[in-house]
Amino acid sequence: MKVAKFGGSSLASAERIKSVCDIVAADKSRRIVVVSAPGKASAADTKVTDLLIACAKKHLETGSAKAEMKAVVDRYAALQCGLGLSPDILRRIEADLTARLTEDTADPARFIDTMKAAGEDNCAWLVAEAMRQRGIDAHYVHPGEAGMLLSSEFGDARVLEESYAKLGALKDAPGITVFPGFFGVTLEGAVVTLPRGGSDITGAVRAAAVKAELYENFTDVDSVFSADHRVVPDAKPIQVLTYDEMRELSYAGFGVFHDEAIVPAVEAGIPICIRNTHRPEAPGTMVVPKRDHEHCSVVGIASSDGFCSMLVKKYMMNRELGFGRRLLEILEDEGLSYEHTPSGIDNMSVILSESELTSAVEKRVLARVSEELKAESDVERGLALIMIVGEGMRYSVGVAARATGALASAEVNIEMMNQGSSEISMMFGVKSEDKDKAVRSLYAAFFDA
Ligand code: ASP
């Protein structure tokens, strides 16, 4: 049995939904289909999830959101009409949205999640209908009824262990199950969403729960590429990646697959294939436990900006037991999670997401570092992190020399460097304005040489 997940861009128009139906019909083992909410068919479009967030926020602010609600209904109306489905389905979607708007708003995060979940939920309903119209025995299943149990962290939930047994029981459901991604329910029964892009996680959980032979993740590119195409237009496609490489690359900026979706697949040992809805014949990228590293030390270069570095300095820091813990505790108290902590004898840097470290939080943290740790600290903003990834790096000599040499020739100043002890990735912190130049130079050093 295969689990096939289709991303928002694959469901953004009636034509694309028809392709989804064809792909599902072409392989009888595709028994579980997980769908995102309709995404962008063109650059000018807005994702249905973003329309729903706007709708929820307007309702919370003003008690009404007519125009925002119409924008959502219009997207579904275009799909219903383009697919030639009965107008009843649109009436059902409208009624569902109206009902959600009457939910309790006392907890805004919970209310927003109820609205956000409408994107995937109604899309699954509509896709199941489109499949049935084409003679496919498709059945919509609600995640709450199926047992997709999540923690009650609204907007950022985690999958609860007990989900697997419950979802596994659906293995023998008749026909094809069409399952909405991105949301589940808490133990108390409230609708709650995973992090953005979380339908990838739903697909992985469903695949793990039924011990699928393959988890197919359909998106709008032929494969995962070794660097961002917008930066390196001729970046090479990657045929095979390990789970760990994919997780590192996803976390460091490859938007094609959610980094949290790797874990359920790893635990159940299920291979993942990332492939193109518009070119299903293309082989895609396989993500597997192991690969041959011999001729390839670096497989991909990811980058993302929006980071800052907090540099903390204190002489004899190396002799002070518990300094690092106390510093990180201050961040924990402020609800800040950190990315890396490169350190020296008398200094320690903490890399954080810039959006989390607002100026008010920054002020508080710096004051506490000075008062409680008697250390000097400062924040540098506008950083990008570049990550070179590859399990083969473990067995190759000179990777760091090659990388730093490439950055030096491109006149990129390295603000910091970090290599995890697993030696599967190496991180370079550079100024945001140098990000693309840095990626191009590293790409040339590892892939064009
Ligand atoms: N629709 C949600 C989002 O836009 C989840 C997903 O597409 O995976 O983030």
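Heavy-atom basis, side chains included; hydrogens, waters and symmetry copies ignored. These numbers come from a predicted model, not from an experiment.
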**Prompt:** How would you list all residue pairs meeting ring pair (Phe, Tyr, Trp, His ring centres under 6.0 Å) that involve residues 348-381, not counting sequence neighbours?
**Reply:** none

**Message:** Strictly distance-based, threshold 3.5 Å: is any side-chain N or O of T285 a donor or acceptor partner for the main-chain N or O of I238?
**Reply:** yes

**Message:** Check this for me, if you would: do D113 and K116 make a salt bridge, where the nitrogen-to-carboxylate-oxygen distance has to be below 4.0 angstrom?
**Reply:** yes

**Item:** With Y395 via ring-ring contact (aromatic ring centres under 6.0 Å, His included) - residues at least two apart
**Value:** H293

**Prompt:** Considering only heavy atoms from C-beta outward, does the side chain of M286 approach that of P271 to under 4.5 Å?
**Reply:** yes

**Request:** Could I get the full list of side chain to side chain donor-acceptor pair (under 3.5 Å) partners for R75, not counting sequence neighbours?
**Result:** none

**Asked** By side chain to side chain donor-acceptor pair (under 3.5 Å), which residues pair with R394, not counting sequence neighbours?
**Response** none

**Message:** Set out, in order, the CA-CA distance, both residues' side-chain angles and the distance that settles side chain to side chain donor-acceptor pair (under 3.5 Å) for S13 and E15, then state yes or no.
**Reply:** CA-CA 5 Å; S13 69; E15 283 316 305; over 6 Å; no

**Counterpart residues, ring-ring contact (aromatic ring centres under 6.0 Å, His included), relative to Y243 (two or more places apart)** = none

**Prompt:** Going through the distances and angles, do K57 and E61 end up as a salt bridge (charged side-chain N to carboxylate O under 4.0 Å, His left out)?
**Reply:** CA-CA 6 Å; K57 288 192 171 156; E61 279 162 24; over 6 Å; no

**Message:** Check whether R326 reaches the backbone of L373 with its side chain - one donor and one acceptor, N or O, closer than 3.5 Å.
**Reply:** no

**Prompt:** Residues in ring-ring contact (aromatic ring centres under 6.0 Å, His included) with Y164, at least two apart?
**Reply:** none

**Request:** For atom CZ of R110, decide whether the heavy atoms of other residues, nucleotides or ligands shown that lie under 6.0 angstrom number more than 12.
**Result:** no

